[in-house]
Structure formats: C-alpha cells, structure tokens
Amino acid sequence: MKINSLTRLYCLIGNPISKSLSPSIHNYLFDKEKENAVYMAFNIEKKDLENTINGFKAINVKGFNVTIPYKIDIINFLDQLSYESELIGAVNTVKIDNGKLVGYNTDGLGFLKTLEERNISLKGKNVLILGAGGAAQSISLTVANEGVKSLTILNRTVSKSKKLVEKIKNRFPEIESSYGSLNEKYIDLKKFDILINCTSIGMYPEVDKMPIEINRFNKNVIVYDIIYKPLETKLIKSAKKEGMIAIGGLDMLIYQALLSDEIWLGRKLDIEKTKNILKRRILLENVEDI
Ligand code: ATR
C-alpha cells in the first residue's frame, strides 16, 4: 500500500471496535480496486461523537461506517438519509460529499443479497425473527419491506418485541405481524418458512447455547443466524443436521461492507466474487480472530 498526499481516508467509529473485520475487508477491496484510499477504525466515546464528525469534515474524510452503539445517534449529525436508513431508523454508512453528510444503511441490503444469491424470495413467506435489538430492527423492517405474508417477533423482553411490532404495523399494516416471548413453549412453529436469529444467543463465548429448539419447526424451514462468531453456531449446526437450509452471518457481514464501498466509490463492484474471495481469506487466515 502506497500512502501519499492524495490518499483518501475512510473510517469506522464505534465502541468497542477492536474485533472488527471491517478494516481488513475495506483495505483488501481498496487494494484490489487500485483505489488510493485507506480505512481506519476508531474507538470513540459518546461525548466525542460530534467532535469526531466535525473533525472528519474538517480533514476531508470521504466516508465512514458507524457501528454499535452509535447507529441511531449519528442521525442527529446528518444532512440527508437514504430510503433504507430512514426505513430502518439507523445508519451504518455515511458518505461525505462537499461537506454534506448522507446516511445509508447497508445491513438490510447485505442480508437481502445473501438470500438473493441463494434464490430465496421473501415474498408471501411466514417469517419468525428472534430478538428485538438493533439487529432485529434492521432485519425485521427490511423483511417487511420485501412483502412477506406474516412476521412474528419473539424476544426475552416482550415489551421490546411489542414496540418493534407496533413500528412494523404502522408502516406495513397489510402484514400479519405479532409478537411474543422467546420462552413461549406453545406457539406452533411449523407454519414458519424462515427463522432468523437476531439475538446474541449462541455467540462466542457461549457457543453451546441455542435460542430455540430446531425440531419444533417444519423440515423445510430456512434457518438464518446473523451471528458470525462462531462461523457456525449451534443453531446452524443443528439445522444442518436436520437437513435444513442454514445460513450463517459471515456472508451478510461481508456484503454490508462491500455495499458501503459501492456507495463511497460511486460505482458497481463485483461484490459476489469479492465476497467469496474475502470469505475464503477470513475462513483460512482469520478464524481465531473473529
Ligand atoms: P444487536 O445490535 O446485536 O441487536 P442488542 O440491541 O443488544 O444487540 O440486542 C440483543 C438481542 O439479543 C436482544 O433481543 C436481547 O434480548 P433483550 O431485548 O431481552 O435484552 C437478546 N439477548 C441477548 N442475550 C440474551 C439471552 N441471554 N437470552 C435471551 N435473549 C438475549
């Protein structure tokens, strides 16, 4: 990598960011595309958020990613929001254009891309989402926007699943949406076509945990776990054992990053091919790091 006076800077802000794969993904892409650009991650405190944004503007940073816990707070500092970021109510990508800050959200689009490449359509489907935090909000609104038949959200804290379902009902009254408790033992799970885990149950280091029993579902259910650490959660392993289609979180993680690059660079990239290369690299080289 050659850094000179014309090198453009892209950043990540969040807290914590020490385990982030984003720098490896974006710097690989910039190198491959022969872009004179670098990507750096910054761990920042909430009190410094505004100063950081002003600093980015002052030194002509071209764009940045925003991760936990600033995806909502960042909206206060932006001039414009994309359709997806307005729909989801959170921003993970910002482009700075002549001092104007435009917010985007590539989390949902990254998720959709992983379904598209497997020829899975959400239209008319009965979808079950586990969790009601930030990730569940991105995924549920994205899924609702795809014209599903029904959407059920189960969460440990029922008041949060209720609030999320109210938001969905407001925006998408035509979808049969309902909520409940993650501990609910009596819901018939056989009707669901797709299960999406958006809780952190099963995430490293608690790899022996599972958010729900897989044998309560129909054999044709598609099981999606957005966790990528470990690469195969217990939920994904159990689904595979049952012969179900099972999708882990790594593809979505890489796609959301590459979709940010398309926004920043203002052109289409071969993101399918690049995703597969990056996935192989991460699987081979970085397993212990993620
Ligand atoms: P993220 O941005 O990854 O969505 P989050 O907003 O903190 O992170 O949400 C974490 C989700 O995992 C929530 O749905 C949380 O349930 P609560 O709303 O009840 O907190 C869920 N979660 C985390 N740990 C859990 C556990 N041990 N049992 C059940 N649910 C859990």
Side-chain angles (χ1 to χ4, degrees), residues 12-22 43-44 46 49 65-75 84-85 87-93 103-111 114 127-144 151-168 177-185 187 189 195-214 216 223-231 233-236 238 247-257 260 290:
L12 167 67
I13 53 171
N15 190 352
I17 46 96
S18 61
K19 297 264 185 237
S20 173
L21 286 175
S22 295
N43 195 79
I44 66 159
K46 190 179 166 81
L49 188 57
N65 283 135
V66 186
T67 189
I68 292 166
Y70 304 125
K71 288 186 182 187
I72 297 171
D73 292 343
I74 191 70
I75 293 175
E84 286 82 12
S85 59
L87 170 77
I88 293 169
V91 162
N92 78 330
T93 304
Y104 299 84
N105 194 309
T106 62
D107 290 331
L109 291 172
F111 170 80
T114 63
V127 180
L128 174 62
I129 290 180
L130 308 180
Q137 178 154 328
S138 301
I139 302 286
S140 58
L141 284 150
T142 301
V143 162
L151 192 48
T152 303
I153 299 180
L154 304 181
N155 195 42
R156 175 178 60 181
T157 312
V158 179
S159 58
K160 279 171 72 183
S161 45
K162 180 173 188 260
K163 207 167 156 206
L164 186 49
V165 163
E166 277 163 5
K167 199 167 176 175
I168 292 162
S177 41
S178 56
Y179 64 89
S181 163
L182 196 52
N183 299 320
E184 180 62 75
K185 296 274 180 290
I187 300 177
L189 301 178
L195 160 69
I196 309 165
N197 176 41
C198 297
T199 74
S200 44
I201 303 172
M203 192 189 286
Y204 179 84
E206 305 205 336
V207 296
D208 288 332
K209 294 201 170 147
M210 264 209 322
I212 203 157
E213 283 306 321
I214 211 71
R216 292 173 63 196
V223 178
Y224 202 123
D225 196 337
I226 67 162
I227 293 173
Y228 58 87
K229 188 188 165 181
L231 293 163
T233 56
K234 191 172 177 196
L235 181 71
I236 292 292
S238 312
I247 309 169
L250 185 60
D251 292 41
M252 174 183 161
L253 175 86
I254 302 173
Y255 270 138
Q256 61 78 28
S260 296
I290 56 174

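Numbering starts at 1 and runs along the sequence shown. In each ligand, atom 1 is the first atom listed, and ligand 1 is the first ligand listed. Below, each value reflects all heavy atoms present in this structure, side chains not excepted, and no hydrogens, waters or symmetry copies.
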*Got the closest protein heavy atom to atom 8 (O) of ligand 1, with its distance?*
Gly134 N, 4.4 Å

*Find all atoms of ligand 1 within a distance of less than 4.0 Å from any non-hydrogen atom belonging to Lys160, and give their numbers and elements.*
17 (P), 18 (O), 20 (O)

*Sub-4.0 Å atoms of ligand 1 with respect to non-hydrogen atoms of Gly131*: 14 (O)

_Qualifying residues under ring pair (Phe, Tyr, Trp, His ring centres under 6.0 Å), relative to Tyr104, sequence neighbours excluded_ = none

_Contacts of type ring pair (Phe, Tyr, Trp, His ring centres under 6.0 Å), residue Tyr255, not counting sequence neighbours_ = none

*Nearest heavy atom to atom 26 (C) of ligand 1: which of Arg156, Glu206, Lys71 does it belong to?*
Arg156

*Numbered atoms and elements of ligand 1 in range of Ile68, under 4.0 angstrom, heavy atoms*: 2 (O)

*asked:* Just to be sure I'm reading this right: ignoring hydrogens, which of Thr199, Thr157, Ile139, Ile153 gets closest to atom 12 (O) of ligand 1? Compare them by their nearest heavy atoms.
replied: Thr199

*Give the C-alpha distance, both sets of side-chain angles, the deciding distance and a yes or no for side-chain contact (heavy atoms from CB on, under 4.5 Å) between Arg216 and Leu195.*
CA-CA 12 Å; Arg216 292 173 63 196; Leu195 160 69; over 6 Å; no

*asked:* Quick check for you: to the nearest 0.5 Å, what is the distance between Leu235 atom CG and Lys209 atom NZ?
replied: 15.0 Å

*asked:* Which of the numbered atoms in ligand 1 are under 4.0 angstrom from any heavy atom belonging to Ala132?
replied: 14 (O)

*From atom 3 (O) of ligand 1, work out which of Ala135, Ala90, Ser181 has a heavy atom at the shortest distance.*
Ala135

*asked:* Tell me if a side-chain donor or acceptor on Thr106 pairs with a main-chain N or O of Leu109 at a distance below 3.5 Å.
replied: no

*asked:* Please list, in number order, the atoms of ligand 1 under 4.0 Å from a heavy atom of Ser200.
replied: 12 (O), 22 (N), 23 (C), 24 (N)

_Distance from atom 9 (O) of ligand 1 to nearest protein heavy atom, with residue and atom_ = Gly133 CA, 3.5 Å

*So which heavy atom in the protein is nearest atom 13 (C) of ligand 1, and how far is it from that ligand atom?*
Asn155 OD1, 3.8 Å

